[in-house]
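To keep things clear, I will list the structure first and then write my remarks on it.
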Amino acid sequence: MLPGGGIPFFEGDTVKITDSIRNLRGVGEKIEKNLNKLGIFTVEDLLEYYPRAYQTYDEPVDVSEITPGKRLAVRGYLHRSLARIPGGRVDKTAGVLAEGNSRLQLIWYRMPYLKKQIISGKTYIFYGSVKNKNGQWTMEQAEIFEPEAYEKIRSSIQPIYSLTEGVHQKMIGKLVRQVLDEGQLFEDYLPEELRMEFHLAEYNYALHHIHYPKDRDSLAAARRRLGFDEFFLFALAIRRMKASRERSENIHPADSGAWAEQFMGCLDYGLTGAQQRAWKEIFKDFSGRHVMNRLLQGDVGSGKTVIAQLALLTAVEAGYQGCLMAPTEVLARQHYESFQRDFEKFYKASGIRIRCGLLTGSMKVREKREVYEALENHEIDILIGTHAVIQEKVHFHNLGMVITDEQHRFGVNQREWLFGKGNLPHVLVMSATPIPRTLAIILYGDLDISVIDELPARRKPIKNCVVDTGYRPAAYRFIEKQAAEGHQVYIICPMVEESEFMDLENVLDYTEKIRKILPPSIKVDYLHGKMTGAQKDEIMERFHRKEIQVLVSTTVIEVGINVPNATVMMVENAERFGLAQLHQLRGRVGRGDAQSYCIFVQSGKSDSAKERLEILVKSNDGFYIASEDLKLRGPGDMFGLRQSGLMDFHIADLYQDSDLLQVAGDCAKKYENEIPENLERRMERYMRLAGSEVIL
Ligand code: ADP
Ligand code: MG
């Protein structure tokens with residue numbers, strides 16, 4: 001039986017989906033304003049404001065079984081009654097649960113009345129997250145339950161919403177309830193036969209159970225239906241965009257392509273077969289009748305950058321300007337440097353000067369202004385920068401080619417923007433996101449696709465291992481040896497500063513620690529996201545120049561950094577990362593001719609964590625890794641809705657729901673020419689909302 005299948009449709013008695021939230025009980029001017037900040041204006045917006053995650057109440061543990069860093073229910077009683085703690089700015093009430101040698105400190109702020117309510121010697125369940133505070137395990141602001149009451153909520157699943165100032169959980173929860181109690185507000189826009197065929201829950205049912213799941217099954221059904229909707233609307237939008245964007249004339253045709261040929265001659269390697277194919281396809285577009293809209297997909301290290309260089313060079317040859325956008329400052333700077341180097345070689349061989357410019361958010365206003373001017377006067381041929389700045393008042397003289405690198409987040413809205421820039425330039429989108437071709441066709445249906453499915457031949461496969469922290473001394477000796485041989489090393493830590501939880505390594509302390517362990521001849525430095533753009537640039541530049549041998553970093557180096565001389569990557573607390581992310585990280589090594597190594601250090605001895613990490617050792621296929629990861633983590637993770645955060649899907653996940661994407665793609669194809677009226681209304685809403693949120 002289909003969840004919610006037989007429910008008839010009727011309009012709510014007092015509430016309509018198009019009503020302003022102001023019409024709801026309890027919403028005055030102030031609350032309305034606050035909800036508006038979350039993008040909630042109408043009843044429909046409210047219903048589409050899905051929970052960010054869910055809270056479940058697990059089996060209570062005893063004090064001796066506590067694992068810090070997680071939300072837990074702890075069973076215990078106070079030997080002595082709670083005490084008010086004097087001093088300090090806020091009123092504190094505290095107590096201690098003890099069992100054998102284990103202790104848990106309990107602290108509440110501004111809740112003096114608890115002292116009377118909580119009876120010593122009586123067992124309660126204390127629910128909250130446990131952290132290490134001044135060397136003691138501590139739970140702050142614990143929710144308190146009597147054991148019977150806790151048993152009752154054990155089976156419930158409570159929504160957790162993202163909040164903003166002046167909006168709290170209960171407020172949203174109550175308003176949603178108020179609306180849901182109205183009954184069936186929507187007429188399902190999906191034809192019933194389609195729902196039957198693909199086992200999709202009815203829409204009102206799905207809305208109800210995404211906010212207030214009856215149980216895990218109903219949540220799974222709701223998630224599947226709403227995830228389908230998301231893919232379906234996306235796929236329809238893409239098809240519609242493709243149809244409406246009449247293939248424009250190519251007003252920036254290529255010249256002979258001789259410069260690109262000559263540039264290839266200056267490289268100290270030959271292109272792989274896959275690179276040659278991709279370049280051929282791009283050049284063909286470039287010389288063809290219509291403007292190019294192409295996706296270039298290739299796993300980390302497959303050599304996409306050189307293809308971008310060829311394309312940009314060919315634009316310059318034909319008299320146009322080109323532009324390359326990178327997602328981070330560090331990456332933009334790196335591209336700029338390597339383009340300068342490569343074009344210098346090209347200049348020596350050909351006598352042709354290519355003028356590159358750099359534009360990033362952290363540059364001074366004066367520097368930026370110089371770049372703007374040079375661009376307008378066509379004194380810059382190729383502009384390299386971050387997305388953010390390209391949106392500003394940048395005017396090209398004659399832009400013929402736009403390339404985006406590492407475009408992980410590429411929603412409908414970004415595309416519209418991209419294609420609107422300049423006077424119909426060619427567009428090339430480069431991505432290392434591992435998606436099988438069948439799915440890429442749905443997601444990027446408005447683009448042609450080239451794939452680089454081959455790594456440069458001289459590459460040796462990376463050697464991987466998963467170890468526990470006891471292996472560190474051996475790892476440091478190994479790092480020392482590699483550094484002595486002239487190679488470089490990355491060490492990744494999850495945190496920047498000391499964390500509240502004792503078991504997470506942080507960049508600053510770690511750097512200090514291994515500076516003492518490694519001989520002084522090995523220079524150790526660090527990089528993290530809280531540094532300014534200029535600081536990051538300086539570190540990366542010194543790493544490029546080999547003035548730093550060991551770089552301790554957070555995952556800021558994840559995207560696209562290319563230092564082929566780096567041969568070792570050591571990841572601390574590897575169990576903390578998603579496997580797809582670790583796969584991207586490890587792509588920073590194995591980029592040169594020398595043998596590279598990846599050491600995943602697991603803290604703790606969990607077998608399941610080890611099993612997960614072992615997938616990385618077994619496979620080098622990004623898509624396989626990402627999907628296996630989700631399989632292993634299992635349905636428990638359903639409670640953190642969005643997994644990979646790829647593209648702009650809120651509920652659906654590219655890896656977890658790839659079958660659903662396939663179905664949605666097929667349906668979009670089938671229905672695009674006979675869209676029912678209420679689906680049309682949904683589409684308009686979707687396009688409007690997608691267009692209002694610019695992320696580039
Ligand atoms: P990605 O596809 O991850 O962006 P890059 O373009 O940064 O990869 O290339 C990774 C490294 O491989 C660079 O150092 C680049 O110079 C080198 N490279 C690219 N193509 C080849 C090739 N055909 N043979 C050998 N090395 C190559
Ligand atoms: Mg790259």
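For ligands, and for the atoms within them, numbers begin at 1 and follow the listed sequence. Because only heavy atoms are used, hydrogens play no part in the values below, and waters and symmetry mates are left out as well, while side chains stay in.
- Near Thr305, the atoms of ligand 1 lying under 4.0 angstrom from a non-hydrogen atom of the residue are 4 (O), 5 (P), 6 (O), 7 (O).
- Taking every heavy atom of Leu271 and a limit of under 4.0 angstrom, the matching atoms of ligand 1 come to 23 (N).
- Set against the non-hydrogen atoms of Gly270, the atoms of ligand 1 under 4.0 Å away are 22 (C), 23 (N), 24 (N).
- In summary, the aromatic rings of Phe600 and Phe577 are positioned with their centroids too far apart to meet the 6.0 Å limit.
- For ligand 1, the atoms closer than 4.0 angstrom to any heavy atom of Gly301 are 1 (P), 2 (O), 3 (O), 8 (O).
- Atom-to-atom distance recorded for Arg591:CZ and Ser596:OG is 10.5 Å, nearest 0.5 angstrom.
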Please report the C-alpha distance between Ser302 and Gln297 in whole Å, then the side-chain angles of each, then the deciding distance to 0.1 Å, and finally whether the side-chain hydrogen bond (donor to acceptor under 3.5 Å, both in side chains) criterion is met.
CA-CA 9 Å; Ser302 60; Gln297 217 188 10; over 6 Å; no
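- Taking every non-hydrogen atom of Thr272 and a distance limit under 4.0 Å, the qualifying atoms of ligand 1 come out as 23 (N).
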Could you go through Arg341 and Glu337, starting from their C-alpha distance and side-chain angles, then the distance that decides it, and tell me whether this counts as salt bridge (Lys or Arg N to Asp or Glu O under 4.0 Å)?
CA-CA 6 Å; Arg341 268 197 307 276; Glu337 310 270 321; 5.1 Å; no
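- Contacts classified as salt bridge (charged side-chain N to carboxylate O under 4.0 Å, His left out) and involving residues 480-489 (residues at least two apart or in different chains) are not found.
- Under a 4.0 Å heavy-atom criterion, Gly298 is not in contact with ligand 1.
- Below 4.0 Å from some heavy atom of Pro564 lie the following atoms of ligand 1, by number and element: 14 (O).
- A donor and an acceptor atom, one from each side chain of Gln482 and Thr567, are located under 3.5 Å apart.
- The proximity of Met430 to ligand 1, defined as any non-hydrogen pair under 4.0 Å, does not occur for either the backbone or the side chain.
- At a 3.5 angstrom cut-off on N or O pairs, Pro456 does not count as close to ligand 1.
- Note that CG of Leu579 is 7.0 Å distant from CD1 of Ile625, once rounded to the nearest 0.5 Å.
- Considering only residues two or more places apart in sequence or on other chains, Asp537 meets the side chain to side chain contact (heavy atoms under 4.5 Å, CB included) condition with Arg333.
- With distances taken over non-hydrogen atoms, the option nearest atom 7 (O) of ligand 1 out of Gln309, Arg591, Lys304 is Arg591.
- With a 4.0 Å heavy-atom cut-off, ligand 1 is reached by the backbone of Ser302 and by its side chain too.
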